[in-house]
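Bear in mind the structure is a predicted one, so any value in this text is a computation, not a measurement. In what follows, residues are counted from 1 in the order of the sequence shown.
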Amino acid sequence: MRWEGVGREAPGVISHRVVGDGPAVLLVHAGVCDARMWERQIEDLRVDHRVITVDLRGYGETPLEGGAKYADAADVLEVLDELGVSVTKAVGSSYGAYVVLQAASRAPERFERLVLMSPPADNVVPTDDFRAFAAEENALLEAGDVDGATELNVRTSVGPEADDAARELVRVMQRHAFEVQLAAGEVDADEWEVGGITAPIRLFTGAHELKFFGACAEYLTELLPNVEHTELAWAGHLPSLERPEEMTALIRASL
């Protein structure tokens, strides 16, 4: 694979990778994963796109400093600046889709088309199943049971169609993120209001994920113009890992 420069040469650098040639497409990972979740999509899209992946702070190869003040969307926009990318298409999964929405809200002229999988949304009341999940995760982490919290996230996020390799990859990525983020302690992660997006949005949710994400999809469909929402009957929270070939085809068609 062809690699390009890795962000700023400074603490808190955002690790990123660029492969292929053609129109730019940015891939932003889920909050239980890192950029490794996109390997199958990268191999397909690199044939005719310049594919950009990032590890957000505290994920994959990007560190997280205790006391850091930052905004993930600002980091993503800075990576695009460093690469000289003025306009891009973007694909985001879960929290990564939320980051894409924030970046496209701040700089709508820079995003040509968005493909989003189960983004959370502000102003949506958490559903009972989401509250129960969050309470259990917090209890496990407060007890120092990182393994238990990791397994909870694997069970909750990975749908029934995923194979053992996908489950193990999520397990590895999530545990690493917990370890890095817990070691960093308190940080100040800023969030921006979502709105003003002009790009067409293709939004996917899964029938086997927490009901909260379906409620978020309904809210975003009403909030933003030009949103096409599809619920995938077979999918959990991470469809690009659960049925990678099928989801890659849907992503490509949506781009």
Side-chain angles (χ1 to χ4, degrees), residues 27-34 37-38 56 58-59 72 91-102 114-143 145-164 166-178 181-182 189 191 194 201-224 227-244 246-247 250-251:
L27 310 181
V28 187
H29 63 80
V32 295
C33 299
D34 54 50
M37 73 172 289
W38 298 118
L56 300 173
Y59 295 91
D72 288 313
V91 180
S93 177
S94 188
Y95 178 69
Y98 178 70
V99 172
V100 167
L101 283 169
Q102 289 191 323
L114 309 181
V115 183
L116 308 176
M117 288 166 275
S118 302
D122 298 321
N123 304 318
V124 176
V125 176
T127 53
D128 289 343
D129 57 357
F130 185 88
R131 291 181 187 274
F133 161 77
E136 185 175 358
E137 182 187 58
N138 288 337
L140 289 167
L141 292 175
E142 288 176 1
D145 188 357
V146 175
D147 286 340
T150 298
E151 291 306 314
L152 171 65
N153 275 273
V154 173
R155 291 195 306 271
T156 304
S157 297
V158 185
E161 296 291 317
D163 60 20
D164 290 342
R167 294 179 190 279
E168 179 60 21
L169 178 59
V170 174
R171 183 174 293 114
V172 168
M173 292 186 290
Q174 174 64 98
R175 182 177 178 85
H176 173 73
F178 275 145
Q181 293 163 19
L182 290 170
E191 296 178 351
V194 170
I201 299 173
R202 190 77 163 90
L203 197 161
F204 296 97
T205 54
H208 298 278
E209 64 181 334
L210 297 177
K211 295 178 182 178
F212 174 68
F213 295 101
C216 291
E218 292 178 5
Y219 170 77
L220 290 170
T221 300
E222 294 178 359
L223 176 69
L224 301 171
V227 178
E228 181 182 356
H229 171 219
T230 299
E231 182 183 74
L232 302 171
W234 52 267
H237 191 55
L238 301 170
S240 63
L241 286 169
E242 296 163 16
R243 285 191 184 179
E246 184 169 337
M247 197 64 220
L250 288 171
I251 290 171

J.: If you compare all heavy atoms of Val28 against all heavy atoms of Gly96, which two are closest, and at what distance to 0.1 Å?
T.: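 In this case the closest contact between Val28 and Gly96 is CG1-CA, 3.6 Å.
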J.: Search all heavy atoms of Gly31 against all heavy atoms of Tyr95 and return the closest pair with its distance.
T.: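 Between these two residues, the closest heavy atoms are N-CB, 3.8 Å.
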J.: Does the side chain to side chain contact (heavy atoms under 4.5 Å, CB included) test come out yes or no for Met117 and Ile251, once each step is laid out?
T.: CA-CA 10 Å; Met117 288 166 275; Ile251 290 171; 4.1 Å; yes
J.: Donor-acceptor pair, His29 side chain versus Gly92 backbone, under 3.5 Å?
T.: no
J.: For Asp122 and Tyr219, work out which heavy atoms get closest and say how close.
T.: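 Looking at all heavy atoms of both residues, the closest pair is O-CE2, 3.4 Å.
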J.: Just wondering, do Thr230 and Arg202 contact through their side chains at under 4.5 Å, heavy atoms?
T.: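 Yes, at least one pair of side-chain atoms sits under 4.5 Å.
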J.: Is it true that a side-chain atom of Glu161 and a backbone atom of Trp234 form a donor plus acceptor pair closer than 3.5 Å?
T.: no
J.: Taking the side chain as every heavy atom from C-beta outward, state whether Val194 and Gln102 have any atom pair closer than 4.5 Å.
T.: yes
J.: Report yes if the side chains of Asn153 and Glu137 come closer than 4.5 Å at any heavy-atom pair, otherwise no.
T.: yes
J.: Quick one: does Leu232's side chain get under 4.5 Å of Leu250's, heavy atoms only?
T.: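 They are in contact (side-chain heavy atoms under 4.5 Å apart), so the answer is yes.
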J.: Test side chain to side chain contact (heavy atoms under 4.5 Å, CB included) on Val115 and Phe204; report intermediate values, then the result.
T.: CA-CA 8 Å; Val115 183; Phe204 296 97; 4.0 Å; yes
J.: Testing the 3.5 Å rule here: is there a donor-acceptor pair between the side chains of His237 and Ser94?
T.: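 On atom types as modelled, these side chains qualify, holding a pair under 3.5 Å.
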J.: Is Val158 close to Arg171 at the side-chain level, that is, under 4.5 Å between some pair of heavy atoms?
T.: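 Of all side-chain heavy-atom pairs linking Val158 with Arg171, none is under 4.5 Å.
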J.: How far apart are the closest heavy atoms of Thr127 and Phe212, and which atoms are they?
T.: OG1-N, 3.2 Å
J.: Write down the atom of Gly206, the atom of Ser118, and the distance for their closest heavy-atom approach.
T.: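 In this case the closest contact between Gly206 and Ser118 is N-OG, 4.2 Å.
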J.: First locate atom CZ of Arg155, then atom OG1 of Thr150, and finally report the distance between them rounded to the nearest 0.5 Å.
T.: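 So the gap between those two atoms works out to 10.5 Å.
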J.: Atom CD1 in Ile201, atom CG in Leu114: separation rounded to 0.5 Å?
T.: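 Answer rounded to 0.5 Å: 5.0 Å.
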J.: Give the intermediate values and the outcome of side chain to side chain contact (heavy atoms under 4.5 Å, CB included) for residues His176 and Val172.
T.: CA-CA 6 Å; His176 173 73; Val172 168; 5.6 Å; no
J.: Using atom types as modelled and distance alone, determine if a side-chain donor or acceptor of Glu242 lies under 3.5 Å from a backbone N or O of Leu238.
T.: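 Yes: the side chain of Glu242 pairs with the backbone of Leu238.
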J.: Less than 4.5 Å apart, any side-chain heavy atom of Leu241 and any of Cys33?
T.: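 Sidechains of Cys33 and Leu241: in contact.
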J.: Evaluate the side-chain proximity of Thr205 to His229: yes if any heavy-atom separation is below 4.5 Å, no if none is.
T.: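 The answer is yes, as the side chains (C-beta and beyond) meet within the 4.5 Å cut-off.
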J.: Search all heavy atoms of Ala162 against all heavy atoms of Ala166 and return the closest pair with its distance.
T.: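 Reported closest heavy-atom pair: CB-CB, 4.2 Å.
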J.: At what distance, to the nearest 0.5 angstrom, does CG of Leu27 lie from OG of Ser240?
T.: 9.0 Å
J.: Taking the side chain as C-beta and beyond, is there a heavy-atom pair between Val99 and Leu101 under 4.5 Å?
T.: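 No - every pair of side-chain heavy atoms lies 4.5 Å or more apart.
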J.: Can you classify the ring geometry of Phe213 versus Phe130 as parallel (below 30°), tilted (30 to 60°) or perpendicular (above 60°)?
T.: perpendicular
